[in-house]
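Notes follow once the structure below has been shown.
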Amino acid sequence: MRGNLADWSMVFELGATSLKDFDPLPLLLNVIDEVPNLRKHRSHLYTILSELYANALEHGVLGMKSELKLQEGGFSQYYDLRHQKLLSLDSGKITFNINHHLKSSGGQLIIEVKDTGGGFDYNYDQSQESILNSEVSRNYFGRGLTLLTSLCDSLEVFPPGNCIRVVYD
């Protein structure tokens, strides 16, 4: 008889060599799939993990700026630059800290993703919302934190902006 995974936590850390060509999302989702009541939230949790990971990798470890996507051909240039930076990556890491515990209303998943990058000014980025959500940029960048806020019960950015914690009930 299989028991129910209820209260648990895990820490998963990726160093520079792994960041170059390993996608941690399938592995993390396999863990989540082992929790029966989380399985039905898989698509939301994939989106949450994907956004957190992409932000930590691209903006944290690789130090990339999304504004490049506004230029003509910028979207392609952005991902070419991302590829080049990954190939030459020799330092940096991303750490996932995931905790799950039961509540009377179900379960609560706390996901914290921290990178070794310099961080970002969350208050500045929020004040630029009108620019980031303009017609030009709407389909290319600036939606990540807004999307996370809409899917999660809370979102907290820790100074200097290289650690984000979300709570998903």
Side-chain angles (χ1 to χ4, degrees), residues 10 12 14 19 23-29 31-33 35 37-83 85-86 92-101 103 105-169:
M10 70 178 279
F12 185 65
L14 295 156
L19 291 171
D23 180 0
L25 298 178
L27 179 64
L28 294 171
L29 285 170
V31 171
I32 286 169
D33 281 344
V35 183
N37 291 328
L38 283 179
R39 212 171 283 136
K40 61 186 170 196
H41 299 273
R42 189 179 209 279
S43 65
H44 281 169
L45 292 172
Y46 174 81
T47 301
I48 292 166
L49 286 167
S50 179
E51 281 295 325
L52 289 169
Y53 178 64
N55 285 340
L57 179 64
E58 294 171 8
H59 307 303
V61 174
L62 300 178
M64 297 181 66
K65 303 290 184 206
S66 291
E67 288 80 6
L68 175 61
K69 295 177 188 176
L70 283 176
Q71 300 171 10
E72 185 174 328
F75 195 71
S76 176
Q77 289 175 5
Y78 182 88
Y79 284 98
D80 286 346
L81 180 61
R82 180 187 188 273
H83 179 71
K85 285 183 170 240
L86 277 174
K93 61 178 133 173
I94 296 174
T95 305
F96 293 85
N97 189 341
I98 303 174
N99 294 283
H100 180 269
H101 61 273
K103 293 174 50 173
S105 60
Q108 183 176 71
L109 196 63
I110 301 168
I111 303 170
E112 186 175 289
V113 178
K114 184 174 185 177
D115 64 71
T116 55
F120 70 103
D121 184 349
Y122 178 72
N123 293 320
Y124 171 80
D125 284 0
Q126 289 296 91
S127 71
Q128 299 298 309
E129 189 172 335
S130 63
I131 295 168
L132 297 177
N133 290 323
S134 71
E135 190 63 42
V136 173
S137 68
R138 182 174 325 195
N139 295 320
Y140 300 113
F141 73 91
R143 303 165 298 165
L145 293 178
T146 302
L147 178 60
L148 286 170
T149 301
S150 73
L151 292 173
C152 300
D153 293 282
S154 69
L155 179 142
E156 189 172 1
V157 179
F158 296 96
N162 66 340
C163 181
I164 297 178
R165 179 186 298 150
V166 295
V167 175
Y168 184 84
D169 284 332

Exercise for review: Looking only at non-hydrogen atoms, find the nearest pair between L28 and M10 and report the distance.
Suggested key: CD2-CE, 3.7 Å
Check your understanding: Can you find a pair of side-chain heavy atoms, one from Y79 and one from E58, that are under 4.5 Å apart?
Key -> yes
Practice item. Check whether any side-chain heavy atom of R82 lies under 4.5 Å from a side-chain heavy atom of L57, and answer yes or no. Key: yes
Review point. How many angstroms lie between NZ in K103 and CG in D169, if you round to the nearest 0.5 Å?
Key: 3.5 Å
Exercise for review: Over all heavy atoms of both residues, which pair between Y78 and S66 is shortest? Give the atoms and the distance, please.
Suggested key: CE1-CA, 4.2 Å
Exercise for review: Output the distance between atom CG (L45) and atom CZ (R42), rounded to the nearest 0.5 Å.
Suggested key: 9.5 Å
Practice item. Inspect the surroundings of NZ in K85 and state if more than 12 heavy atoms from other residues, nucleotides or ligands are less than 6.0 Å away. Key: yes
Review point. Can you tell if the side chain of I110 reaches within under 4.5 Å of the side chain of H101, non-hydrogen atoms only?
Key: yes
Check your understanding: What's the spacing between L70 CG and K65 NZ if we round to 0.5 Å?
Key -> 14.0 Å
Exercise for review: For the pair N162 (side chain) and K114 (backbone), establish whether a donor and an acceptor sit closer than 3.5 Å, ignoring hydrogens and angles.
Suggested key: no
Study note, to complete from the structure: Smallest heavy-atom separation, P26 atom then D23 atom, equals CD-O, 3.3 Å
Check your understanding: If we only count heavy atoms from C-beta on, is the L27 to F12 side-chain gap below 4.5 Å?
Key -> yes
Practice item. Mind checking salt bridge (charged side-chain N to carboxylate O under 4.0 Å, His left out) for K40 and listing every partner two or more places apart, or none if nothing turns up? Key: none
Check your understanding: Taking atom CD1 of I111 and atom CZ of R165, what is their separation to the nearest 0.5 Å?
Key -> 12.0 Å
Check your understanding: At what distance, to the nearest 0.5 angstrom, does CG of D115 lie from CZ of F96?
Key -> 10.5 Å
Review point. Roughly how far apart are S43 OG and L151 CG, rounded to 0.5 Å?
Key: 8.5 Å
Check your understanding: Considering all heavy atoms of both residues, which atom of E112 and which atom of C163 are nearest to each other, and what is their separation?
Key -> CG-SG, 3.5 Å
Check your understanding: What do you reckon, is NE2 of H44 surrounded by more than 12 foreign heavy atoms closer than 6.0 Å?
Key -> no
Review point. Should L145 and I164 count as side-chain neighbours, where that means a heavy-atom distance under 4.5 Å?
Key: yes
Check your understanding: Hey, are the side chains of Y53 and V113 touching, using non-hydrogen atoms and a 4.5 Å cut-off?
Key -> no
Review point. Quick one: does H100's side chain get under 4.5 Å of I32's, heavy atoms only?
Key: no
Check your understanding: If you look at every heavy atom in V166 and C152, which pair is closest and at what distance?
Key -> CB-SG, 3.6 Å
Check your understanding: Y168 vs H41 aromatic rings, parallel, tilted or perpendicular, using cut-offs 30° and 60°?
Key -> perpendicular
